[in-house]
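Predicted model only: the values in this text are computed from it and were never measured. Naming: A, B, ... by sequence-line order, numbering from 1 per chain.
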2 protein chains.
Amino acid sequence: MSQRSRRSSSAVTINEVAARAGVSAMTVSNVLLGRKKVLESTRDAVYQAVEELGYTPNAAARALASASQLRLGLIYRNPQSAFLSAVLVGALIASARLGAQLLIRSCDAENEEATAATLNGLVRSGANALLLPPPFCEIVDRSPELLAAGVPMMALSSGRELTHMPGVRVDDYEAARAMTLRLIALGHRRIALIEGPIQHYASATRLAGYRSALAASEIEEDESLIAKGDFTYDSGLVAAQRLLDLPQRPTAIFGFNDDIAAAVVSEAHRRGIVIPDELSVVGFDDTPIAVKIWPPLTTVRQPIVEISDLATQRLVEALRQPKEGGTTTTVHIPFSIIERESTGPVKP
Amino acid sequence: MSQRSRRSSSAVTINEVAARAGVSAMTVSNVLLGRKKVLESTRDAVYQAVEELGYTPNAAARALASASQLRLGLIYRNPQSAFLSAVLVGALIASARLGAQLLIRSCDAENEEATAATLNGLVRSGANALLLPPPFCEIVDRSPELLAAGVPMMALSSGRELTHMPGVRVDDYEAARAMTLRLIALGHRRIALIEGPIQHYASATRLAGYRSALAASEIEEDESLIAKGDFTYDSGLVAAQRLLDLPQRPTAIFGFNDDIAAAVVSEAHRRGIVIPDELSVVGFDDTPIAVKIWPPLTTVRQPIVEISDLATQRLVEALRQPKEGGTTTTVHIPFSIIERESTGPVKP
DNA sequence: CTGAAAGCGCTTACAG
DNA sequence: CTGAAAGCGCTTACAG
């Protein structure tokens with residue numbers, strides 16, 4: 001006892017588990033990581049010891065020992081949004097689990113220069129991989145020369161598959177198509193939509209999905225039913241006013257996010273238009289606001305926390321594996337159509 | 001080179017900084033942590049080396065070396081809420097910064113048994129300190145015998161100062177009082193309110209703040225203006241209906257959270273009551289919904305991310321310091337009144 | 001299939 | 001005021 005122990009906590013360590021199971025710490029590690037082939041009897045003994053002792057690996061030790069320095073840079077904007085909260089929660093949970101360090105930095109401007117500056121600052125602070133939510137993944141994808149090469153990147157919920165980096169997303173095309181088809185199934189023919197900003201690829205992709213649904217159902221498109229928006233509540237209000245002023249009013253409006261759909265609901269209320277009897281309204285994302293208005297919104301659920309978590313995990317994997325070109329695959333997480341009370345069949 | 005280096009990354013380490021500054025790694029550590037007295041010249045040399053090399057400490061190594069196992073247990077419910085997202089973001093950011101491991105577990109029931117079971121499970125998994133958002137901090141405070149002693153706890157945003165544990169919160173009493181006084185200053189005399197559930201101390205505390213403001217302004221209380229709610233949008237709708245049906249309608253309604261206030265706005269719209277000309281509506285929290293309805297809500301801003309971050313930090317400090325009774329202080333973070341367009345002077 | 005040894009990058013307790 | 005040594009709990013590369 002030449003040195004007093006520095007640990008006050010009596011947390012169970014891998015060595016105690018190993019002793020209990022009658023194997024080496026290495027074997028415990030192998031079993032837990034599932035890395036090597038281990039005899040079934042050995043494996044069972046380890047699991048039993050883990051169970052009996054209530055062992056939970058020390059994340060810090062694991063992070064330190066495994067792989068190289070894992071530092072992920074995350075760039076964001078619009079700190080108020082529910083989207084960002086979800087992105088942060090997913091990335092933070094995955095980072096903690098995988099022993100990565102997350103460097104978070106905001107970038108308010110959406111131009112190339114500001115993006116490049118922020119990203120390079122992140123790299124200078126030690127980030128060796130980058131997590132890019134929109135619009136940043138799309139900005140970088142358009143001008144890949146912005147970045148010093150060699151830094152793995154992962155797109156998060158981009159509006160379409162990108163050419164220069166892998167990503168994790170929902171299939172916006174299929175999601176918009178499915179939602180539109182659902183409205184058509186309810187008897188709607190005049191289905192308006194309110195886009196997001198053109199810089200976000202999601203807008204164009206969802207529009208294509210919408211068009212494909214109309215075409216499949218042999219409904220002729222009406223350009224006057226397509227309104228501009230920028231994903232904000234206010235822009236939704238403006239767009240809703242224009243659409244509801246149309247001589248031949250739409251029977252359904254598809255907002256490209258929930259905020260926009262909420263604005264439509266609000267504008268409809270103001271005009272005394274009854275939802276869903278006279279107008280069906282649907283959104284996209286399934287953010288908390290969807291159930292905080294009346295009637296609650298039918299919407300496309302996009303599991304952002306899960307997407308962000310998986311993107312973070314894939315980035316860590318890319319960093320740990322010897323870079324042999326790296327992944328370029330885009331992984332698709334399933335979306336779902338959540339039906340609530342803002343939609344109904346067309347009334348004659 | 002008997003062992004090949006396992007690091008591919010060229011991240012700057014404390015030793016490189018030490019070499020550059022011409023000191024030992026220990027001294028670099030001391031400077032960075034500000035733990036011991038260090039000559040100013042030494043300190044400057046260290047800072048310069050840190051700067052030149054772009055050094056960022058490796059959080060995992062720091063966590064492993066410093067103090068004992070830092071494992072914080074966080075119990076939650078209502079995973080959809082904006083409140084929980086903010087709590088998570090604050091706790092996760094602080095944990096990452098401080099090298100603590102966060103164990104997160106949900107508990108849907110609000111009774112003592114379920115709470116105790118979940119908390120004890122967390123401790124069995126290695127949590128050596130507990131972070132308790134409402135209603136859990138309040139449940140435990142009422143029955144402190146629920147928990148095996150010796151586990152430091154920290155209340156997060158509790159509705160009042162607790163007797164058995166320290167915490168970080170906003171002063172709900174002063175906040176509700178300030179908001180009510182603001183309405184009074186606008187000329188309102190019939191100010192209704194919609195409470196939260198009684199299990200949440202915040203309800204009673206805010207009610208007391210409201211009463212104190214009325215008393216200070218010599219306005220007589222009217223019990224019919226106090227409506228029950230449970231912090232959900234739906235309960236707000238029901239309460240708003242009752243209040244707006246009153247023979248002598250209130251000129252202002254104070255919802256004890258933003259969801260409730262949003263419901264009031266919605267119900268007012270439905271009845272064609274113009275906000276703020278005929279009715280002022282205010283909320284509490286400043287969650288994203290406050291600016292996603294029309295008109296946007298005047299509300300009390302409660303910085304949840306900051307509260308959660310500080311609570312996590314205090315808990316880690318309590319764990320690191322030799323427990324000499326431990327803190328029992330409740331720290332108050334400032335709130336602010338955010339004025340938006342849902343309030344206005346009383347029109348005759 | 002299994003293990004002894006080295007090492008990750010930092011901080012602690014101690015000695016000077 | 002400063003540093004040499006030990007150690008945190010885990011995984012890696014290697015040998016058997």
Side-chain angles (χ1 to χ4, degrees), chain A residues 1-19 21-43 45-46 50 53 55-71 98-101 126 320-322, chain B residues 1-19 21-43 45-46 50 53 55-71 98-99 101 126 320 322:
Chain A
M1 210 197 274
S2 64
Q3 159 123 10
R4 210 181 313 144
S5 167
R6 279 156 54 192
R7 288 291 171 282
S8 54
S9 141
S10 52
V12 180
T13 72
I14 198 172
N15 290 305
E16 300 174 48
V17 174
V23 298
S24 71
M26 254 223 58
T27 298
V28 174
S29 175
N30 282 151
V31 169
L32 263 27
L33 297 177
R35 284 258 213 282
K36 295 187 182 177
K37 288 277 154 260
V38 175
L39 275 185
E40 195 165 335
S41 57
T42 312
R43 184 148 36 90
V46 169
V50 165
L53 264 28
Y55 172 67
T56 315
N58 179 321
R62 184 171 261 187
L64 184 57
S66 73
S68 59
Q69 182 83 296
L70 250 33
R71 263 189 203 155
L98 302 165
Q101 194 166 349
R320 282 198 171 136
Q321 261 143 46
Chain B
M1 208 197 273
S2 65
Q3 160 123 9
R4 210 180 316 145
S5 166
R6 278 155 55 191
R7 288 292 169 283
S8 54
S9 142
S10 54
V12 181
T13 72
I14 198 172
N15 289 306
E16 299 174 49
V17 174
V23 298
S24 73
M26 254 223 58
T27 297
V28 174
S29 174
N30 283 152
V31 169
L32 262 28
L33 297 177
R35 284 258 213 281
K36 295 187 183 178
K37 288 277 153 260
V38 175
L39 274 184
E40 196 167 332
S41 57
T42 313
R43 184 149 36 90
V46 169
V50 165
L53 264 29
Y55 171 68
T56 313
N58 179 321
R62 185 172 261 187
L64 183 57
S66 73
S68 58
Q69 181 85 296
L70 250 33
R71 264 188 202 157
L98 301 166
Q101 193 166 350
R320 283 199 170 136

Tell me the interatomic distance from [X], atom [atom1], to [N], atom [atom2], rounded to whole angstroms.
X	N	atom1	atom2	answer
B/Gln101	D/dC8	CD	C1'	14 Å
B/Leu53	C/dG9	CG	P	14 Å
B/Ile14	C/dT12	CD1	P	11 Å
B/Leu32	C/dT12	CG	C1'	16 Å
A/Asn15	D/dG7	CG	C1'	13 Å
A/Tyr55	D/dG9	OH	P	10 Å
B/Glu40	D/dC1	CD	P	12 Å

Residue pair B/Val17 / B/Thr13, side-chain heavy-atom distance below 4.5 Å:
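Result no, sub-4.5 Å side-chain heavy-atom pair not found.
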Does some side-chain heavy atom of A/Asn30 sit less than 4.5 Å from a side-chain heavy atom of A/Val46?
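Not in contact.
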So which heavy atom on A/Ala18 is nearest to which on A/Ala25, and how close?
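Here A/Ala18 and A/Ala25 meet closest at CB-N, 3.5 Å.
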Where B/Leu32 and B/Tyr55 come nearest, the two heavy atoms and their spacing
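Taking B/Leu32 first and B/Tyr55 second, the nearest heavy atoms are CD2-CE2, 3.6 Å.
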Side chain to side chain contact (heavy atoms under 4.5 Å, CB included) partners for A/Ser29, two or more places apart
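Listed in chain order: A/Ile14, A/Leu33.
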According to a strict under-4.0 Å criterion, is A/Thr42 in side-chain N/O contact with OP1 or OP2 of C/dT2?
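Affirmative; the distance criterion is met.
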Closest listed nucleotide, where the reference is the side chain of B/Ala61 and the choices are C/dC1, D/dC10, C/dG9
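Closest of the options to the side chain of B/Ala61: C/dG9.
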Just verifying a value: how many Å separate B/Arg43 CZ and B/Thr27 OG1, rounded to the nearest 0.5 Å?
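The OG1 atom of B/Thr27 is 12.5 Å from CZ of B/Arg43, to the nearest 0.5 Å.
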With a 3.5 Å distance limit and no angle check, can you tell me whether B/Gln101 reaches the backbone of A/Pro57 through a side-chain donor-acceptor pair?
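Yes, B/Gln101 side chain to A/Pro57 backbone: donor-acceptor pair under 3.5 Å.
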Pairs counted as Watson-Crick or G-U wobble with both distances under 3.5 Å: what dot-bracket string results for DNA chain D, using | for bases tied to another strand?
|||.||||||||.|||
By a strict heavy-atom criterion of less than 4.0 Å, which residues belonging to residues 22-30 of chain A are in contact with DNA chain D?
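Output list: A/Met26, A/Ser29.
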